[in-house]
Visitor: 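Take a look at this one; I'll ask things after.
Residue numbering restarts at 1 for every chain, and letters A, B, ... go by the order of the sequence lines. Just the heavy atoms: all of them, side chains too, but no hydrogens, waters or symmetry mates, feed the values below.
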Amino acid sequence: MTDNSQRSPHGGPNSTPELPTAYVPAEVEGKLYERWVERGYFEADAKSDKPPYTIVIPPPNVTGSLHLGHAFEHTIIDSLTRRKRMQGYETLWQPGMDHAGIATQNVVERELAKEGKSRHDLGREAFVEKVWQWKEESGGQISGQMRRLGDGVDWSRERFTMDEGLSQSVQTIFKKLYDDELIYRAERIINWCPRCLTAISDIEVEYQDDDGELVSIRYGEGDNAIVVATTRAETMLGDTAVAVHPDDERYAHLVGTEIELPLTGRRIPIVADEHVDPEFGTGAVKVTPAHDPNDFEIGRRHDLPNLSVMNERAIITVPGPFEGLDRLEARSAIVAALRAEGRIVAEKRPYSHSVGHCSRCKTTIEPRLSLQWWVKVGPLAQAAGDAVRDGRVKIHPKEMESRYFSWVDNLHDWCISRQLWWGHRIPVWYGPAGEVVCVGPDELPPTGEGWTQDTDVLDTWFSSGLWPFSTLGWPEQTESLEKFYPNSVLVTGYDILFFWVARMMMFGLYAMDGTPPFHTIALHGMVRDQFGKKMSKSFGNAVNPLEWMDKYGSDAVRFTLARGANPGVDVPIGEDWVQASGKFTNKIWNATRFALMNGATVEGELPPVEEMSATDRWVLSRLNAVVAEVDALYEDYQFSKLSEALYHFAWDEVFDWYVELSKTTFFAGGRGAEVSGRVLGEVLDVLLRLLHPVVPFVTETLWTTLTGAESVVVADWPKDSGFRDAAAEKEIAGVQQVVTEVRRFRADQGLQPGQKVPAQLTLPGALAAHEAPIRQLLRLQPAGAGFSATATLPVAGGTVAMDLSGTIDVEAERKRLTKDIGLAEKEKAQALGKLGNEAFLAKAPEHVVDKLRTRLATAEADIARITAQLDGLPQG
RNA sequence: GGGCGUGUAGCUCAGUGGUAGAGCAGCGCCUUUACACGGCGCUGGUCGGCGGUUCGAACCCGUCCACGCCCACCA
């Protein structure tokens, strides 16, 4: 019993509880969720002997609140886990959040900036303290949103990527990797963000085509002059060579000589390197090893010095006229200076080229030589690729595999150190001379004389890469780890396939002795607005899911998202659609109300088939077919299709047809009503359980009311009983046809839907049994004495003769029938054309030919019927 | 530059060889005792263009056009 339902005043053992006439989500959702949590439904027991089913939450960043994309992802995960729980699995949906290093630090820095402060004003310790405070607030907001959504997570296991246990995981794997020489420290060109003041990894750089200006500069003099082109003129201060292609005859005589670098007075060599494309520009390239990754490689090959000319804020540090200018100021100043010297040989020309930007703050990346920690990804990526290649891990949808392979198979070493304050401090201590003296957790706390810990933190993805097992207690060999690793499925967006999924694969396989972190990777798309546009705050089309949940209910939001979820494909969502889903939940509510008020029950065994009407058998046959269909779709993560199937079965077949066709039976009472009441109870029982994973709240309220059981959360998942009744399905299809046809006739005649019309029905064989419901649906009254038909409508082997008492619109009807006969004739001609084609008859499969013959027969019958109908019309 | 994908009703999308579908929107009728968050009926498509394979193509092949996404060390 739920709080908002009461016993009928009429009482009795089969009394019908009364529910309000509309589903008001706000009144039930919150209470239900807390009850589920209190009863421990979502807690996963590592000691259970049920088979495990595990999904870890893609940990949301603690930077703010959840958006529709999270709601989407959570709907999928919650539905999957709710179904498995009902199927009897020991189900763990692992909750938690990500500290999201750079993103969170930036957010808190922005907050500080509002007060006119920087993190340096606070100092490291106080700043980190401030971020923790932020985390507490934001995290509370996120878990509140998850409760509203109905996420069935095990709150007792909630984790944070920077909690104590997870820090232990991070340090442990760092040391293991270091000991295996898979982590090393090296000076390389890295992607440097001059605003965030940290190195970032390759995938944190977003490339976009920017308009730049290509200037051509003459280096050297006279016969030795050589022209190079650049869009970053300021880097010339750091040039330590000019490179040409080894086979380029134009410059062969210059290779090995030196020329003067303008503005600096330095002399630099001309080297020959395969990297240079002789077809591009002049075929000569300035080489700045300290500020360009390609040039760095060239420099290495030719033993060139690396000359840094900018500091970490991209300010020129070379003594002289340009010192203190930032890179853009320096660019124009240097071009101007070169022009003054007559060194600009071709004027600046607009040039669109790909430029890297910091994915967090959009600042242009400055490639920079820097000492950082790296993960050697070769062996790890190899294993991560193999696990998918040999089928131990499946990527769904399969098309995404090629993307995965192209990445793991072409991966460069991963720069993991960040010059930030918020994150896992790198567990490395240096001696007085800067040498590494201690790594990892084992020797903690390090006590050596003059030892200092590395001040950098780790890339946030380093810790989230451990998520599938760190949350279960690793490196401790816990019962939970034993039970719930590997995870069953990973559900996440294709946008973090590389950031997160590939890293979990690498770390999982590495840390867990070759056991991949999950068997299946189910990738979903991105939520977009109703026009397919990306949702973003700046564009103004981002929606707070709470707003819609308040308005239409969590179930409505969930159903809309599920209905849009085609694997790997972006899902558009608009308010209209949420509204439509809200109507659906209301429809379920009211249909169940009707059923409860008319004797639907789940008490006792289902009546024997012989006692059931064809309508009963039809609906049960369809019900079981839908159970099987939905089950298969769940296994394939086809949320859109399974939601659609449930929507149509529930609304069209059960609520519109079964309920309407059964009304006469219910109202008549007696054994027939009893049988149908039990059947309707069965249908709703199964249907509500089938719907529950997607729309948990409304189904919980209705199902517990219907069954009196404790909760649908822990009910059994429906099984296909195997019951099918093709004859009943055919029979009801006939009934539907008759009803539809007469309805169309009535509508065309402009008869009021409620207007009763005296009629005589002559229905063929099986359909005759359905005369009562047909009359009921069509508002046809028994024809009394003196009945005279003014309109006769031939239907499916019989006739419906009606006394329209002069209301018939003969012209309208004549027009409609003429149109229909035209269509039927066209149909007939088409079928005849095909059947007269010998090539077709020779090659087409039998069922196609049969179908065509049926079509022909139907068309001919239609023509005859409609002709008779036309003839039967009163003369206008 | 490479890879993947998309183009079907006004909008968002299903539909992988056999008579074009759904939801929403639109039009019309209706307070018929579960629901007006409802019921019923209707309108609407040269399935991006062209060519090919086939008895038959939205679906397979080729080509062109238009979008989208991912990857890449194009000075």
Side-chain angles (χ1 to χ4, degrees), chain A residues 19 21-23 189 202-203 207 214 228-232 235 243 275-277 280-288 292-297 351 353-354 367 399-400 402-403 406-407 410 412 494-495 497-498 526 528-532 552 556 560 563-564 566 568-574 576-577 579-598 640-641 644 647-648 655-656 659-660 663 667 739-740 743-748 750-756 776-777 779 827 830-831 834 837-845 847-849 851-852 855 859:
Chain A
L19 299 165
T21 58
Y23 175 54
I189 294 279
D202 293 346
I203 45 172
Y207 286 89
L214 193 65
V228 298
T230 182
T231 54
R232 294 161 68 213
T235 62
H275 169 77
V276 180
D277 175 4
F280 188 94
T282 59
V285 184
K286 61 191 275 301
V287 181
T288 322
D292 183 281
N294 291 319
D295 294 3
F296 180 74
E297 292 304 318
Y351 184 70
H353 61 141
S354 183
E399 300 89 81
M400 290 288 176
S402 60
R403 219 181 255 205
S406 73
W407 199 70
N410 298 293
H412 293 185
Y494 63 71
D495 59 328
L497 185 60
F498 306 145
M526 304 294 112
R528 291 167 176 273
D529 74 8
Q530 67 226 347
F531 306 111
Y552 306 105
T560 310
R563 198 174 183 177
N566 287 301
V569 178
D570 290 350
V571 43
I573 181 167
D576 283 357
W577 309 344
Q579 192 176 22
S581 301
K583 290 180 181 178
F584 180 50
T585 56
N586 185 64
K587 186 72 182 180
I588 301 168
W589 179 268
N590 272 297
T592 309
R593 268 183 71 222
F594 169 84
L596 292 169
M597 288 188 295
N598 286 281
S640 179
K641 291 192 177 100
E644 200 83 15
Y647 181 93
H648 282 118
F655 304 155
D656 281 350
V659 166
E660 294 303 328
K663 273 182 178 172
F667 298 158
V739 171
T740 303
R743 271 177 180 162
R744 191 155 75 104
F745 175 79
R746 287 189 58 126
D748 286 346
L751 288 171
Q752 311 280 297
Q755 188 177 336
K756 303 258 198 311
Q776 163 74 20
L777 282 177
R779 312 288 148 186
E827 185 78 359
Q830 260 179 19
K834 279 219 168 182
N837 181 336
E838 282 179 30
F840 169 78
L841 288 175
K843 293 197 176 175
H847 72 274
V848 173
V849 179
K851 220 169 159 182
L852 209 57
R855 261 173 71 191

Visitor: If we call it a pair only when both distances are under 3.5 Å in a Watson-Crick or G-U wobble match, what pairs with B:A9?
Guide: none
Visitor: For A:D202, which residues count as a side-chain hydrogen bond (donor to acceptor under 3.5 Å, both in side chains) partner, sequence neighbours excluded?
Guide: A:N191
Visitor: In whole Å, what separates the P atom of B:C13 from that of B:G17?
Guide: 24 Å
Visitor: Listed by chain and number, what are the side-chain contact (heavy atoms from CB on, under 4.5 Å) partners of A:T282, not counting sequence neighbours?
Guide: A:V227, A:Y251, A:A284
Visitor: Would you mind pulling out the nucleotide paired to B:C42, Watson-Crick or G-U wobble, both distances under 3.5 Å?
Guide: B:G26
Visitor: Please name the nucleotide paired to B:C47 by Watson-Crick or G-U wobble geometry with both distances under 3.5 Å, or report none.
Guide: none
Visitor: If B:C4 has a Watson-Crick or G-U wobble mate with both distances under 3.5 Å, name it; if not, just say none.
Guide: B:G68
Visitor: What pairs of nitrogen or oxygen atoms, one from the protein and one from nucleotides 25-32 of chain B, lie under 3.5 Å apart?
Guide:
from, atom 1, to, atom 2, distance (Å)
B:U32, O2, A:R779, NH2, 3.1

Visitor: Once salt bridge (Lys or Arg N to Asp or Glu O under 4.0 Å) is applied, do any residues pair with A:R232, and if so which ones, sequence neighbours excluded?
Guide: A:D292, A:E366
Visitor: Just to be sure I understand the rule, does A:P572 reach a base, reach only the sugar-phosphate, or reach nothing, if contact means heavy atoms closer than 4.0 Å?
Guide: sugar-phosphate
Visitor: Write down the protein N/O and nucleotide N/O pairs, taken from nucleotides 52-59 of chain B, whose separation is under 3.5 Å; answer none if there are no such pairs.
Guide:
from, atom 1, to, atom 2, distance (Å)
B:C55, OP1, A:K843, NZ, 2.1
B:C55, O2', A:N837, ND2, 3.3

Visitor: Quick check on B:C37: is either OP1 or OP2 less than 4.0 Å from any side-chain nitrogen or oxygen of A:N590?
Guide: no
Visitor: Can you tell if the side chain of A:T230 reaches within under 4.5 Å of the side chain of A:K286, non-hydrogen atoms only?
Guide: yes
Visitor: With C1' as the reference atom in both, quote the distance from B:G49 to B:A58 in angstrom, rounded to an integer.
Guide: 14 Å
Visitor: Take atom P in B:A36 and the same atom in B:A22, then report the distance between them in whole Å.
Guide: 25 Å
Visitor: Between B:A72 and B:C4, how far apart are the C1' atoms? Round to whole Å, please.
Guide: 15 Å
Visitor: With a 3.5 angstrom cut-off on both distances, give the Watson-Crick or G-U wobble partner of B:U31, or none if there isn't one.
Guide: none
Visitor: Nucleotides 2-11 of chain B: which of its N/O atoms have a protein N/O under 3.5 Å away?
Guide:
none

Visitor: In Å and rounded to the nearest 0.5 Å, what is the OG to CD1 distance from A:S581 to A:I573?
Guide: 7.5 Å
Visitor: If you go through the side-chain atoms of A:K587, does one of them form a donor-acceptor pair with the base of B:C35 closer than 3.5 Å?
Guide: yes
Visitor: Work out how far the P atom of B:G56 is from that of B:G51, and round it to whole angstrom.
Guide: 16 Å
Visitor: For B:C11 and B:G48, measure between their P atoms and round to the nearest Å.
Guide: 14 Å
Visitor: When rounded to the nearest Å, what value does the distance between P atoms of B:U8 and B:C67 take?
Guide: 15 Å
Visitor: Which one is paired to B:A57, where only Watson-Crick or G-U wobble pairs with both distances under 3.5 angstrom count?
Guide: none
Visitor: So, A:R746 side chain and A:Q755 main chain: donor-acceptor pair closer than 3.5 Å or not?
Guide: yes
Visitor: When rounded to the nearest Å, what value does the distance between C1' atoms of B:G23 and B:C65 take?
Guide: 30 Å
Visitor: Does A:F594 have A:K663 sitting over its ring (NZ/CZ under 6.0 Å from centre, angle to axis within 45°)?
Guide: yes
Visitor: Does B:C74 have a Watson-Crick or wobble mate here (both distances under 3.5 Å), and if so which one?
Guide: none
Visitor: So, the side chain of A:N566 versus the backbone of A:V569: is there a donor-acceptor pair under 3.5 Å, distance only?
Guide: no
Visitor: What nucleic acid atoms does A:R855 come within less than 4.0 Å of, heavy atoms only: base, sugar-phosphate, or nothing?
Guide: base
